[in-house]
Amino acid sequence: MTETPPQPWWQKAVFYQIYPRSFKDTTGDGIGDLAGIIQKLDYLKGTPTSLGIDAIWLSPVYPSPQSDFGYDVSDYCAIDPIFGDLSTFRQLLREAHERDIKVVMDLVVNHTSAEHDWFKESRTSRENPKQDWYIWRDGSGDAPPNNWHSVFGGSAWQWDDQRQQYYLHLFLKDQPDLNWRNPAVQEAVWATMRFWLDMGVDGFRLDVYNFYFKDAELRSNPKRRSFKGIFYKYASQHHHYDQDQPELYSTLAKMRKIVDSYPGDRMLVGETSTLEDFRRAFSYYGDENKGLNLVFNFEILHSRWRARDFRKAIQHWQTCAPEDSWPTWVLSNHDVKRHGSRYSRGSQIDLARAKVAATLLLTLKGAPFLYYGEEIGMLELALPHHMIQDPPGKKFWPFFKGRDGCRTPMQWCDEANAGFSDGIPWLPVHENFKQVNVSIAAADDSSLLQYYKRLIRLRCATPTLLTGVMHLIEKVPRNTLIFTRSEAGDELWIGLNFSHRKAIVQLNFPENLEIILATHHAEGATFSHGVMALEPDEAVICRKIK
Ligand code: TEU
């Protein structure tokens, strides 16, 4: 009988996104740094009271003018001094690996910073060796080459006086798009990947990978008939020609080949940015799953707090993603309002809902991605206009108030600046930090943090939750999500009540269900007589007793 290959680490791992700028500052400049992450590794894994995650994804720490807070890279093979240096990064890698924590870097190669030497050379003339590393075009008369918009507003084309041409930027004008149709650009990206893989990095999160290739003729996008928004012109088009081009598939396969050539199951997780059908992302697993190892599909992240929306998103994965592809599940990141705030009313977190959300993330089949602070119930900070630093927030205020609110400093304790920094934090700490912080949560057995820890330990110790087949149960009360995970005769039932009312789930079997973890019922209690009775906003994980 052929041995089934061991599960690669990224299929078992709980991922944890760190926004380095906001995690822990050790220099007193008010900006988080690599030494701060090292200081907090034990919080993440390595002690009996650690959170217990398995991998960290670092938002960019490369040299950058910080126009888009690091997503505008000016040197791919170094560390920005505000975060530290390569020697500190190597120490972080070493200490993370000593704790069996994998390290995933953010690879931002759809565009560079306009301060990158590549762009500085490219703009000098139409003949220099890098003249074709970016997307330069003459306009048509005074008009730009086509009708494309930037994600961050305005035209996607910037006139450059030095070169007397337009260049393309699908984000800020300080973020010129690389020309992925140029083999030299691809080779430069491969060299960047190898630089970090040689150092021991365990994988990459590919920033807006589905933007790499644009239509070869740069055709204008068709208008979106149903467009209603007034301020956000980017949404007024179908993005047929500025993303998701066919050449991407073979290129992702090349990137996969590079990571696969290293030992230790190095991996690629792709961030799919799209206003089109979320399901487009699934195709990037590639033929025989030899494209990306994981893709972010943000459908649940954009779902309202309704069981049927989450069910639909899960069904999309089950029906549309390639056979044996591995899903990802994420509810928060550095680009969207924190889900603790999205799913709560008023200024307090709805703790019960937060625990239901955590149970969902950590029991669905696939790779869960946690965002720093969600485990203690950090909320979105509403900042006044004059404190907004995020460029799209400044541009679209008050329609879109920016992403600063989900990027506030980690709340470690109730001391000054929540223990994040001895200096003035680059963004204000949320005003609730005296009540919402790691220290308080760690001392309270009913806290969200302690619940995340129990969930993560249960998941790690339960093969059925790591690899078991998932099956959605159909005929269930309106605002509940019920699914099973089964493996080698072990059958777990997960019951999530999205409503503030009790829910009675009729089971179609006589066996009892023993509760192994629940937010309301006692562990060890049983559901019997074919009924799972969920309390309002309750999450339960049960085992069917044979
Ligand atoms: O985000 C891509 C993207 O589409 C998001 O910018 C999203 O549309 C936007 O944040 C509005 O919510 C990636 C990074 O995650 C983001 O931080 C960068 O700003 C962007 O790419 C450019 O690199």
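The figures here come from the full heavy-atom set of this structure, side chains too, leaving out hydrogens, waters and symmetry mates. Counting starts at 1 for both ligands and their atoms, following the listed order. Because the structure is a prediction, the values reported are computed rather than measured.
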For this session: Mind checking salt bridge (charged side-chain N to carboxylate O under 4.0 Å, His left out) for Asp54 and listing every partner two or more places apart, or none if nothing turns up?
Result: Lys45
Exercise. To the nearest 0.1 Å, how far is atom 23 (O) of ligand 1 from its closest protein heavy atom, and which atom is that?
Worked result: Asp207 OD2, 2.8 Å
Exercise. Relative to the heavy atoms of His111, which atoms of ligand 1 are at a distance of less than 4.0 Å?
Worked result: 22 (C), 23 (O)
For this session: Using the ring-ring contact (aromatic ring centres under 6.0 Å, His included) rule, pick out the option among Phe152, Phe69, Trp148 that qualifies with Phe171.
Result: Phe152
For this session: Measure from NZ or CZ of Arg342 to the centre of the six-membered ring of Trp305 and say whether it is under 6.0 Å with the direction within 45° of the ring axis.
Result: no
For this session: Could you tell me whether Arg280 and Asp244 make a salt bridge, using a distance below 4.0 angstrom between a side-chain N and a carboxylate O?
Result: yes
Seminar exercise, completed: protein heavy-atom neighbour closest to atom 3 (C) of ligand 1 works out as Ser273 OG, 3.5 Å
For this session: Please state which part of Lys337 comes within less than 4.0 Å of ligand 1, counting heavy atoms only: side chain, backbone, both or neither.
Result: neither
Seminar exercise, completed: In this structure, atom 6 (O) of ligand 1 is nearest to the protein heavy atom Arg403 NH1, 3.7 Å
Exercise. Can we say Arg338 and Glu374 salt-bridge, meaning some charged N sits less than 4.0 Å from an Asp/Glu carboxylate O?
Worked result: no
Exercise. Any heavy atom of Phe152 sitting closer than 4.0 Å to ligand 1?
Worked result: yes
Exercise. Do Tyr43 and Glu375 have a side chain donor and acceptor closer than 3.5 Å?
Worked result: yes
For this session: Take every heavy atom of Val208, measure it against each atom of ligand 1, and state whether any distance is under 4.0 Å.
Result: yes
